[in-house]
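Here's the structure we're looking at; comments come further down.
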Amino acid sequence: MENVTYHRPNTVAGLVEKRRELAALLKRVRAEEKKIICDLDHVDAAIRLFDPTADTDRIVRYPTKHRAKKGEVVRLVVRMLKDADHPLTALDIVHAQVKARGLKADDATLVTMRKRIGACLTKLKNDGVVRVVPQAGLYQGWEIAR
């Protein structure tokens with residue numbers, strides 16, 4: 001590699017260090033956000049123990065359940081399909097996403113994630129990024145279009 005000299009090496013070093021600090025802060029904030037959302041889910045469950053008809057969404061307002069960051073779902077889907085040695089089903093991708101994000105794998109979460117992954121796969125197919133591979137069973141396979 002070529003030896004590069006900077007006109008302001010201290011500025012570059014300072015910016016690199018600042019970026020490192022911000023990335024660490026973002027990681028801590030995201031971990032705290034996950035913990036708070038989990039805590040809210042537990043409180044909601046406790047409320048439903050005493051009042052199964054309680055509409056906890058009206059009691060507590062917080063961001064859409066299991067909201068992904070912009071582009072996160074597309075990156076996960078494309079990375080998984082690129083790394084796979086065989087076609088994956090939407091359900092395979094859903095389970096991987098639930099595990100990667102540390103979500104509770106209850107029915108409601110799986111339904112929400114299946115809808116999101118399905119919409120993502122459909123858009124990627126329409127854009128020519130992925131293609132459908134017929135498979136036996138209920139789910140169709142997906143792979144990167146080559």
Run the side-chain contact (heavy atoms from CB on, under 4.5 Å) check on W142 and T89 step by step: do they pass?
-> CA-CA 6 Å; W142 296 87; T89 66; 5.7 Å; no

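Note: D44 CG to D39 CG = 11.0 Å, rounded to the nearest 0.5 Å. H95 NE2 to R114 CZ: the interatomic distance, rounded to the nearest 0.5 Å, is 8.5 Å.
Closest non-hydrogen pair, I144 versus R131, comes out as O-NE, 4.4 Å. Nearest approach of Q140 to Q135, heavy atoms of both residues: C-NE2, 4.4 Å. Residue P87 comes nearest to G141 through the heavy atom pair CB-CA, 4.1 Å, listed as atom of the first residue, atom of the second, then distance.
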Check: residues 119-130 side-chain donor-acceptor pairs under 3.5 Å, at least two apart:
| residue | atom | partner | partner atom | Å |
| --- | --- | --- | --- | --- |
| T122 | OG1 | G118 | O | 2.9 |
| K123 | NZ | D127 | OD2 | 2.7 |
| N126 | ND2 | T122 | O | 3.4 |

N/O donor to acceptor pairs below 3.5 angstrom from side-chain atoms of residues 10-27, sequence neighbours left out:
| residue | atom | partner | partner atom | Å |
| --- | --- | --- | --- | --- |
| E17 | OE1 | R20 | NH1 | 2.7 |

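Within 6.0 Å of atom CG in D107, 12 or fewer heavy atoms from other residues, nucleotides or ligands are found, so the atom counts as exposed in its surroundings.
The same ILVMFWY cluster, assembled from side-chain heavy atoms under 4.5 Å apart, contains both V132 and I117. The hydrophobic cluster containing L91 also contains L138, counting ILVMFWY residues as joined when their side-chain heavy atoms lie under 4.5 angstrom apart, directly or transitively.
Partner of V78 under the side chain to side chain contact (heavy atoms under 4.5 Å, CB included) criterion, out of L81, V74, L76: V74 alone.
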